[in-house]
Amino acid sequence: MDKDKNFFQKVYEVVKKIPAGKVATYQQVATIVSTPRAAQAVGWALRALSENQLAVVPWQRVINSKGMISIENLKAPKEYQAKLLKDEGVEVRLVENNYFIDLKKYLWDPHTN
DNA sequence: CTTATGACTTTCA
DNA sequence: CTGAAAGCCATAA
């Protein structure tokens with residue numbers, strides 16, 4: 001088990017480390033678990049989240065490099081994710097029916113974990 | 001083992 | 001600057 005935890009598990013643990021009121025990009029999580037190019041794979045991991053995992057993994061704090069929520073295609077509405085972030089104190093602004101977050105202010109710094 | 005898909009990112013036109 | 005295409009990583013079939 002200590003050999004190579006599943007990529008998913010690693011992603012989940014990293015995401016769980018994200019403090020409330022902060023957000024992380026796929027690229028950042030991907031860099032921690034594997035390589036910066038694995039951002040797509042991170043998205044894949046979060047897509048495969050089970051309802052049980054949704055309760056323990058703050059997937060709402062993970063967004064793309066532009067600080068925008070691209071979750072429109074999933075069953076979870078963007079408004080729901082935005083609501084969760086707002087509840088954590090993250091300022092989310094709605095532009096062109098897309099939710100944007102100020103990465104300069106709310107981007108998580110894994111070094112200061 | 002090869003092909004296809006994706007909650008992404010970067011580059012080319 | 002805006003829009004489209006390719007690329008990289010991991011998983012599923």
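Sequence lines set the chain letters: A, B, ... in the order given, protein chains first and strands last, and positions in each chain run from 1.
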Touch class at under 4.0 angstrom, heavy-atom based, for A:Ala38 against every strand present: sugar-phosphate
- request: Can you tell me the distance, in whole Å, between the CG atom of A:Leu54 and the C1' atom of B:dA7?
  value: 12 Å
- line: Rounded to whole Å, CD1 of A:Ile69 lies from C1' of B:dA7 at a distance of 10 Å
- request: Starting at atom CZ of A:Arg61, determine the distance to atom P of B:dA7, rounded to an integer number of angstrom.
  value: 22 Å
query: Can you check the A:Met68 CE to B:dT10 P distance for me, whole Å?
result: 14 Å
query: Can you tell which of B:dG6, C:dC9, B:dC8 lies closest to the side chain of A:Ser70?
result: B:dC8
task: State which of B:dC8, C:dC9, B:dA7 makes the closest approach to the side chain of A:Asn64.
output: B:dC8
- prompt: Can you tell me if A:Asp102 uses its side chain to pair, donor with acceptor, with the backbone of A:Lys104 under 3.5 Å?
  reply: yes
- request: Pick out which of A:Thr31, A:Val11, A:Val62 makes a side chain to side chain contact (heavy atoms under 4.5 Å, CB included) with A:Tyr26.
  value: A:Val62
- request: Mark yes or no for whether A:Thr25, through its side chain, and A:Gln28, through its backbone, hold a donor-acceptor pair below 3.5 Å.
  value: yes
- request: Under the side-chain contact (heavy atoms from CB on, under 4.5 Å) rule, what do A:Val92 and A:Phe100 come out as? Steps first, then yes or no, please.
  value: CA-CA 6 Å; A:Val92 181; A:Phe100 286 87; over 6 Å; no
query: Rounded to whole angstrom units, what separation is found between the CD1 atom of A:Ile101 and the P atom of B:dA7?
result: 18 Å
query: Where the side chain of A:Arg61 meets the backbone of A:Ile18, is there a donor-acceptor pair that is under 3.5 Å apart?
result: yes
message: So if I take every side-chain heavy atom of A:Tyr26 and compare against B:dT10, B:dT5, B:dA7, which nucleotide ends up nearest?
response: B:dA7
field: Distance below 4.0 Å between A:Gln27 side-chain N/O and B:dT10 OP1 or OP2
entry: yes
task: Check the distance between C:dC8's P and A:Arg37's CZ and give it to me in whole angstrom.
output: 9 Å
field: side-chain N/O A:Ser34 vs C:dC9 OP1/OP2, d < 4.0 Å
entry: no
query: If you find the nucleotide of DNA chain B closest to A:Ala41 and the one closest to A:Ser65, which residue's nucleotide is nearer the 5' end?
result: A:Ala41
message: Using the side-chain heavy atoms of A:Phe8, tell me which of these nucleotides is nearest: B:dT10, B:dC8, C:dT11.
response: C:dT11
task: Whole angstrom is fine here: how far is it from CD in A:Gln40 over to C1' in C:dA6?
output: 13 Å
- prompt: Out of B:dA7, B:dT10, B:dT5, which has the shortest distance to the side chain of A:Trp59?
  reply: B:dA7
message: Nearest whole Å is fine: how far is C:dT11 P from A:Gln9 CD?
response: 13 Å
message: Can you see if the side chain of A:Thr25 gets near the phosphate of B:dC8 - specifically, an N or O under 4.0 Å from OP1 or OP2?
response: no
